[in-house]
Amino acid sequence: MIFRQLFDRESSTYSYLLAERQGGEALLIDPVLENTDTYVRLVHELDLRLVLAVDTHIHADHVTALGALRARTDCATAMGEMTRSECVSVRFREGEKLRADNLQLEILYTPGHTDDSYSFLLPDRVFTGDTLLIRGTGRTDFQNGDAEEQYESLFDRLLRLPEQTLVFPAHDYNGMTVSTIGEEKRYNPRLQVADKQAYIDLMNGLTLDDPRLMDVAVPANRSCGLKPAA
Ligand SMILES: [Fe+2]
């Protein structure tokens with residue numbers, strides 16, 4: 001497998017390029033608009049053909065490169081069936097697969113950070129978007145976020161994966177690049193709660209500023225990062 005973790009310094013976003021083999025199909029998870037040239041160059045350098053660009057959810061802190069990548073490479077653009085995006089070419093749902101050649105990522109619906117949050121699972125790793133972060137979890141106070149749903153996505157879905165499963169989130173603000181399910185179970189402070197109500201209270205008690213780019217990013221991302229039609 002070809003696997004590249006790419007970092008956007010401005011928003012501390014991780015994007016992931018995956019392919020089964022050199023010369024084959026590639027897919028890109030959570031690409032950032034400003035880095036489009038980097039992705040297109042890397043895909044070319046690795047002799048890949050980008051077939052799919054996908055967002056785990058509508059991001060509030062950066063503008064997606066889905067539309068720009070579709071324009072540059074003719075790739076499909078995908079988000080989950082719950083998305084309010086008006087421009088994606090594919091809407092996937094729980095239990096379906098994202099594919100690049102024989103590479104198959106299973107789609108898990110993991111709402112809570114937003115109601116359109118999904119995770120993508122390979123046998124040895126999971127891409128958790130903003131549902132499960134390294135030593136953190138995504139905020140649940142906007143975009144139809146819901147702490148109770150997030151608790152269920154975490155405790156009833158993601159934390160039931162094998163402990164050695166690698167965790168690749170959509171962001172990290174502390175320079176951590178990867179974790180495991182077992183490590184997060186033990187050391188993630190948000191997960192050390194007695195029960196669902198304790199988690200809800202913890203999340204609802206957070207007072208967080210809105211992301212700097214929220215008012216720009218959310219409407220832009222509903223149109224795949226391209227300007228909405230006037
Ligand atoms: Fe997010």
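Just follow the structure's listing: the first ligand is 1, and inside any ligand the first atom is 1. Please read all numbers here as calculations on a predicted model, not as lab measurements. What's counted below: heavy atoms across the whole structure, side chains too, no hydrogens, waters or symmetry copies. For reference, positions follow the sequence shown, starting with 1.
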Hey, would you say the Phe168 and Tyr14 ring centroids sit under 6.0 Å apart?
-> no
Identify which one of Leu66, Val63, Leu33 satisfies the side-chain contact (heavy atoms from CB on, under 4.5 Å) criterion when paired with Cys224.
-> Leu66
Kindly compute the distance separating NZ (Lys185) from CD (Glu183), expressed to the nearest 0.5 Å.
-> 13.0 Å
SB check Arg93 Glu81 (cutoff 4.0 Å) = yes
Which protein N, O or S atoms lie under 2.8 Å from the Fe ion (ligand 1), given by chain and residue number?
-> His57 NE2, His113 NE2, Asp130 OD2
Between Phe120 and Phe92, does the ring centre distance come in under 6.0 Å?
-> yes
Please work out whether the ring planes of Phe155 and Tyr151 are parallel, tilted or perpendicular, with thresholds of 30° and 60°.
-> parallel
